[in-house]
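Everything below concerns the one structure shown next.
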Amino acid sequence: MDKLKDKRLWIALVAIVIIIFGGVYFHESHAVASDVPGHVYRYDNSSNDRVLYLAFAQKGDHVIVTGNKQDAINADKNHNNFNQAYQKQSKDATWEYKANGNKLTLAKIKSKNNISQWEYLGILSTHRKFVAHGFNYQIAKAGQGKVNKRMVFQKVN
């Protein structure tokens with residue numbers, strides 16, 4: 001009888017661990033849409049030779065993409081700062097994003113026919129960072145492809 005109790009105890013413990021880790025994984029794989037708005041993230045590009053900062057709008061689909069950390073942080077301080085920085089950036093191109101499930105899509109729009117886009121896939125998101133397990137890209141007038149490399153977006157603020 002003791003062996004039966006031990007076996008049931010182990011089965012219960014394993015089931016609890018699976019449920020907890022499964023719940024955490026499910027949450028992290030669906031949290032990017034709620035985690036990014038209103039925050040600034042640091043992103044090292046796929047060849048690790050350039051750092052970009054992304055300031056996501058609190059509401060809406062706009063994002064500021066800059067190589068200057070302080071510009072991104074200042075834009076994130078309030079709605080007016082964000083709008084001013086976005087208007088300044090929009091002279092060259094507008095940046096928009098869409099986060100859904102475990103995907104994040106960034107689009108750089110220069111004109112109706114000149115759109116570049118990066119779709120980050122397999123994202124796990126925590127409150128400090130999110131990690132994509134690869135991305136698809138389509139560069140206007142240059143081509144498209146897929147990168148199977150882990151990409152880390154570290155929260156700055």
Side-chain angles (χ1 to χ4, degrees), residues 18-157:
I18 289 172
I19 290 169
I20 289 171
F21 281 106
V24 169
Y25 178 81
F26 181 82
H27 171 74
E28 287 183 0
S29 66
H30 289 79
V32 71
S34 62
D35 286 348
V36 299
H39 296 288
V40 176
Y41 286 85
R42 174 192 163 118
Y43 167 70
D44 295 302
N45 71 352
S46 60
S47 56
N48 292 324
D49 62 352
R50 187 168 180 207
V51 174
L52 293 174
Y53 295 91
L54 292 87
F56 293 91
Q58 181 67 38
K59 294 181 181 175
D61 61 357
H62 297 318
V63 61
I64 295 170
V65 179
T66 180
N68 187 310
K69 178 180 179 178
Q70 199 56 47
D71 287 349
I73 290 172
N74 287 340
D76 192 54
K77 286 183 180 178
N78 62 51
H79 185 67
N80 289 335
N81 286 10
F82 187 91
N83 285 339
Q84 287 176 353
Y86 192 77
Q87 290 302 321
K88 182 180 175 184
Q89 172 183 274
S90 296
K91 291 176 184 172
D92 297 326
T94 60
W95 282 88
E96 296 178 1
Y97 81 97
K98 180 179 180 183
N100 188 10
N102 65 350
K103 294 179 188 172
L104 173 73
T105 304
L106 294 174
K108 181 180 183 182
I109 304 165
K110 288 189 176 183
S111 70
K112 188 176 183 179
N113 297 326
N114 192 345
I115 300 172
S116 298
Q117 152 172 321
W118 297 261
E119 181 181 44
Y120 296 91
L121 307 166
I123 293 177
L124 295 177
S125 181
T126 66
H127 293 292
R128 294 186 347 255
K129 66 182 176 182
F130 64 90
V131 177
H133 295 285
F135 64 95
N136 297 323
Y137 63 89
Q138 183 173 1
I139 308 299
K141 301 178 184 177
Q144 61 189 20
K146 183 173 185 170
V147 175
N148 293 316
K149 183 179 178 187
R150 183 175 178 258
M151 308 302 300
V152 178
F153 294 75
Q154 190 72 39
K155 188 184 282 187
V156 175
N157 64 337

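This one's a predicted model, so the numbers in the text were calculated from it and none came from an experiment. One is the number of the first residue; the rest follow in order along the sequence.
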- Message: Restricting to non-hydrogen atoms, name the atom on Asp44 and the atom on Met151 that form the minimum distance, rounded to 0.1 Å.
- Response: O-CE, 3.4 Å
- Message: Restricting to non-hydrogen atoms, name the atom on Asn78 and the atom on Asn81 that form the minimum distance, rounded to 0.1 Å.
- Response: OD1-N, 2.7 Å
- For His133 and Leu124, run side chain to side chain contact (heavy atoms under 4.5 Å, CB included): C-alpha distance rounded to whole Å, both residues' side-chain angles, the deciding distance at 0.1 Å, then the answer. CA-CA 9 Å; His133 295 285; Leu124 295 177; 4.0 Å; yes
- Message: Test side chain to side chain contact (heavy atoms under 4.5 Å, CB included) on Tyr97 and Val36; report intermediate values, then the result.
- Response: CA-CA 10 Å; Tyr97 81 97; Val36 299; 3.8 Å; yes
- Does some side-chain heavy atom of Thr94 sit less than 4.5 Å from a side-chain heavy atom of Tyr86? yes
- Query: So do the side chains of Gln144 and Asn136 get within less than 4.5 Å of each other, counting heavy atoms only?
  - Reply: no
- Between Val152 and Lys129 the two heavy atoms that sit nearest each other are CG1-CD, 4.1 Å
- Item | Close side-chain approach of Tyr53 and Ile64, heavy atoms under 4.5 Å | no
- Item | Considering all heavy atoms, the nearest Ala55-Ala72 contact | CB-O, 3.8 Å
- Task: Decide yes or no for Val63 and Tyr41: does some side-chain heavy atom of the first lie under 4.5 Å from some side-chain heavy atom of the second?
- Result: no
- What are the two closest non-hydrogen atoms of Ser116 and Ala140, and how far apart are they? OG-N, 3.0 Å
- Item | Distance in Å, Asp71 CG paired with Asn74 CG, rounded so as to fall on 0.5 Å steps | 6.5 Å
- Query: Under 6.0 Å between ring centres, would you say that holds for Tyr120 and Phe130?
  - Reply: no
- Query: Between Lys98 and Asp61, is a side chain to side chain contact (heavy atoms under 4.5 Å, CB included) present by the stated rule, with each step listed?
  - Reply: CA-CA 6 Å; Lys98 180 179 180 183; Asp61 61 357; over 6 Å; no
- Measure the CD1-CG distance between Ile123 and Leu121 for me, rounded to the nearest 0.5 Å. 7.5 Å
- Going by heavy atoms in the side chains, are His62 and Glu96 under 4.5 Å from each other? yes
- Query: How many angstroms lie between OG1 in Thr66 and CG in Leu52, if you round to the nearest 0.5 Å?
  - Reply: 8.0 Å
- Query: In this structure, are over 12 heavy atoms from other groups packed under 6.0 Å from Lys103 atom NZ?
  - Reply: no
- Shortest non-hydrogen pair, Ala99 vs Leu104, comes out as CB-CD1, 3.8 Å
- Message: Can you tell me how far apart CG (Asp35) and CZ (Phe56) are? Round to the nearest 0.5 Å.
- Response: 11.0 Å
- Message: In terms of relative ring orientation, are His27 and His127 parallel, tilted or perpendicular, with 30° and 60° separating the classes?
- Response: tilted
- Message: Quick check for you: to the nearest 0.5 Å, what is the distance between Gln154 atom CD and Arg42 atom CZ?
- Response: 8.5 Å
- Task: Walk me through it: do Leu106 and Leu54 pass the test side chain to side chain contact (heavy atoms under 4.5 Å, CB included)?
- Result: CA-CA 10 Å; Leu106 294 174; Leu54 292 87; 3.4 Å; yes
- Message: Can you confirm whether Thr126 sits close enough to Glu28 that some side-chain heavy atom of one is under 4.5 Å from a side-chain heavy atom of the other?
- Response: yes
- Item | Separation of Arg128 CZ from His39 NE2 (nearest 0.5 Å) | 14.0 Å
- Going by heavy atoms in the side chains, are Phe82 and Gln58 under 4.5 Å from each other? no
